[in-house]
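The sequence lines fix the lettering, A, B, ..., with proteins before strands; numbering per chain opens at 1.
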Number of protein chains: 2
Amino acid sequence: MKPSEIILSKEQELLIEKLGNLNEKTGLQPAAARILALLLVTDSMELTFEQIHETLKISKSAASNAIHLLLTTNKLDYVTKLGDRRRYFHCKLIFWQDHFKQSLDQLRGYASILEEVLQHRTAETVVYNNQLKEIIDFIQFLDIELQLVYDKWQKSRV
Amino acid sequence: MKPSEIILSKEQELLIEKLGNLNEKTGLQPAAARILALLLVTDSMELTFEQIHETLKISKSAASNAIHLLLTTNKLDYVTKLGDRRRYFHCKLIFWQDHFKQSLDQLRGYASILEEVLQHRTAETVVYNNQLKEIIDFIQFLDIELQLVYDKWQKSRV
DNA sequence: TTTTTAGTTCTGTATGAACCGAACTGTAAA
DNA sequence: TTTACAGTTCGGTTCATACAGAACTAAAAA
């Protein structure tokens, strides 16, 4: 009966809520969203399973499922220590770059379907087709430019 | 008993499904996602309420609610014709630019909360804090660059 | 005035997401 | 061999979403 709950300041709790809500809006399930937020906010960067489930007051099953999800989607990682079976979880900060790349892929997917749509449209709706073409052009322009922006960032960090 | 259902080719049906699924992934509800897709794909750019609900085989209530949603989120528009009470709906192609702007806003929101997190973090986790700082810098860099990219596009269209 | 048209609103219902608590499993310590 | 630990899996509940169908409404036509 030793509680492993982490003590959070009022500000930290608030930040976890706010960050959690933002994470949810990216399509993450509530429990997972808060786990990521907790790991970003807490002073000890590594937390155990028990600390997570006690601090966030979620059941072991909810914690287990959410952690599994975060591990398989590459947002979470852990280390282990000799003579200690527990895993020490920490947020993979790199997941931001993955997120960026995924957005690019989604954008590309959209453009290619819109291209298909344009090819199948009647030639009679000239104005409309031109508008559609312009949107496709914009997405493709964006795709190229974003890649350049990303390269520029990488270079500035050498 | 005059059916107002639009006849779609097999390819058009397929495109509506694919585009609809993509729309759903952006957080749109299924019926609304398919209505947008239908309006992009169909040769007649303007469809009535009845044509939409018959062609997509959704109930009047589903059509009504989805159309209301799309109108209030500025993704759909309509015109009316003298001596005809029906509304003729068409997809507002501009909604792509809004979508782009919304992404920018979301990004900005994220950066500002991460800033808050960084300010509340213990100074002891130096490496971690630096990584976090780098992510914030990246987002802010992205924000600025995206604005430039957008301006560049606007200029290229004059 | 009655009927038709063009929808909207209301009342369910089915489905799935997210979660809890309890039972279970595998490993290690006693 | 039993007990403790560190989680995982299972069964069930709750809640929200998305829809159908029917009743309703407001305006125009007959």
Side-chain angles (χ1 to χ4, degrees), chain A residues 1-6 17 20-21 23-39 46-73 75-90, chain B residues 1-6 17 20-21 23-39 46-73 75-90:
Chain A
M1 184 139 290
K2 48 151 210 288
S4 56
E5 186 184 337
I6 298 274
E17 291 306 312
N21 291 345
N23 283 336
E24 277 185 57
K25 274 177 198 149
T26 71
L28 216 52
Q29 60 174 231
R34 286 146 141 273
I35 291 176
L36 275 190
L38 170 63
L39 289 172
E46 299 175 333
L47 297 185
T48 65
F49 180 94
E50 203 183 6
Q51 287 176 318
I52 290 171
H53 112 80
E54 302 244 302
T55 308
L56 290 182
K57 287 143 180 57
I58 57 180
S59 68
K60 296 212 300 178
S61 51
S64 177
N65 289 323
I67 286 173
H68 179 75
L69 174 72
L70 291 172
L71 284 174
T72 56
T73 55
K75 294 183 172 63
L76 207 63
D77 206 357
Y78 62 86
V79 294
T80 46
K81 302 179 179 183
L82 193 65
D84 184 348
R85 268 162 63 211
R86 288 170 298 181
R87 292 171 295 175
Y88 291 81
F89 296 99
H90 55 94
Chain B
M1 180 142 292
K2 47 152 210 290
S4 57
E5 184 184 338
I6 297 274
E17 291 305 312
N21 291 345
N23 283 336
E24 277 184 56
K25 273 177 200 151
T26 71
L28 217 53
Q29 63 175 225
R34 285 144 142 276
I35 291 175
L36 274 191
L38 170 63
L39 290 173
E46 300 175 333
L47 297 185
T48 65
F49 180 93
E50 203 183 7
Q51 286 175 318
I52 290 171
H53 112 81
E54 302 244 304
T55 306
L56 291 181
K57 287 143 183 57
I58 57 180
S59 69
K60 296 213 299 178
S61 52
S64 178
N65 289 324
I67 286 173
H68 179 74
L69 174 73
L70 291 171
L71 284 174
T72 56
T73 56
K75 293 183 173 63
L76 207 63
D77 206 357
Y78 62 85
V79 294
T80 46
K81 303 179 180 185
L82 193 65
D84 184 349
R85 269 164 62 211
R86 288 172 298 181
R87 293 171 296 176
Y88 290 81
F89 297 99
H90 56 93

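The stretch residues 24-31 of chain B has no heavy atom under 4.0 angstrom from DNA chain C at all.
Between the CG atom of B:Asp84 and the P atom of C:dT4 there is a distance of 19 Å, given to the nearest Å. Residue A:Leu69 contributes atom CG, which lies 12 Å from atom C1' of C:dA18 at whole-angstrom precision. In this structure, A:Lys81 places its NZ atom 13 Å from P of D:dA6, rounding to the nearest Å. The distance from atom NZ of B:Lys57 to atom P of D:dG21 is 14 Å, rounded to the nearest whole Å. The separation between A:Glu54 atom CD and D:dA6 atom C1' is 13 Å, rounded to whole Å. The interatomic distance linking B:Gln51 (CD) with C:dG7 (C1') rounds to 15 Å, in whole Å. Residue A:His53 contributes atom NE2, which lies 15 Å from atom P of C:dC19 at whole-angstrom precision. The CZ atom of A:Phe49 sits 11 Å away from the P atom of D:dT9 (whole-angstrom rounding).
We find the OG1-CD1 distance between A:Thr55 and A:Ile6 to be 5.0 Å, quoted to the nearest 0.5 Å. In this structure, CD on B:Glu54 lies 8.5 Å from OG1 on B:Thr48, to the nearest 0.5 angstrom.
Nearest heavy atom pair, residue B:Lys75 against residue B:Leu36, reads O-CD2, 3.8 Å. Nearest heavy atoms, B:Gln51 versus B:Ser4: CG-O, 3.3 Å. Taking all atoms of both residues into account, the shortest heavy-atom contact from B:Ala31 to B:Ile58 is CB-CD1, 4.4 Å. For the residue pair B:Phe89 and B:Tyr78, the shortest heavy atom distance occurs at CD2-CB, 3.7 Å. Taking each heavy atom of A:Leu38 and A:Leu56 in turn, the nearest pair found is CD2-CG, 3.9 Å. The nearest pair of heavy atoms linking B:His90 to B:Val79 is NE2-CG1, 4.3 Å.
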Take nucleotides 11-16 of chain C nucleotide by nucleotide from the 5' end and write B, S or -, depending on whether a protein heavy atom sits under 4.0 Å from the base, only from the sugar-phosphate, or from neither. ------
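Annotation: salt bridge (charged side-chain N to carboxylate O under 4.0 Å, His left out) contacts involving residues 29-38 of chain B, sequence neighbours excluded, comprise B:Glu17-B:Arg34.
Scanning for side chain to side chain donor-acceptor pair (under 3.5 Å) contacts around A:Lys57 gives A:Glu5, with sequence neighbours left out. Judged as a side chain to side chain donor-acceptor pair (under 3.5 Å), and not counting sequence neighbours, A:Glu46 has no contacts. Taking the salt bridge (charged side-chain N to carboxylate O under 4.0 Å, His left out) definition, one finds that A:Glu24 meets it with nothing, sequence neighbours left out.
Other residues, nucleotides and ligands contribute more than 12 heavy atoms inside 6.0 Å of the OH atom of B:Tyr88.
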I'd like a table of donor-acceptor pairs (distance under 3.5 Å, sequence neighbours excluded) in which one partner is a side-chain atom from residues 61-69 of chain B, with atom names and distances.
unit_1, atom_1, unit_2, atom_2, d
B:Ser61, OG, B:Ser59, OG, 3.1
B:Asn65, ND2, B:Ser61, O, 3.2

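Both A:Ala62 and B:Ala62 lie close to DNA chain D; mapped to their nearest nucleotides by heavy-atom distance, the more 5′-ward contact belongs to A:Ala62.
Side-chain atoms of A:Arg87 and A:Leu76, non-hydrogen and from C-beta on, never get closer than 4.5 Å to each other. Under the 4.5 Å side-chain criterion, counting only non-hydrogen atoms from C-beta, A:Ile35 is not in contact with A:Leu47.
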Close N or O pairs between protein and nucleotides 23-30 of chain C (under 3.5 Å):
unit_1, atom_1, unit_2, atom_2, d
C:dG26, N2, A:Arg85, NH2, 2.5
C:dT27, O2, A:Arg85, NH1, 3.1

All N/O pairs under 3.5 Å across the protein-nucleotides 10-12 of chain D interface:
none

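When each of C:dT8, C:dA6, D:dC19 is scored by its nearest atom to the side-chain atoms of B:Arg86, the top-ranked nucleotide is C:dA6.
DNA chain C contains the following stems of three or more consecutive Watson-Crick or G-U pairs, with both distances under 3.5 Å: C:1-30 with D:1-30.
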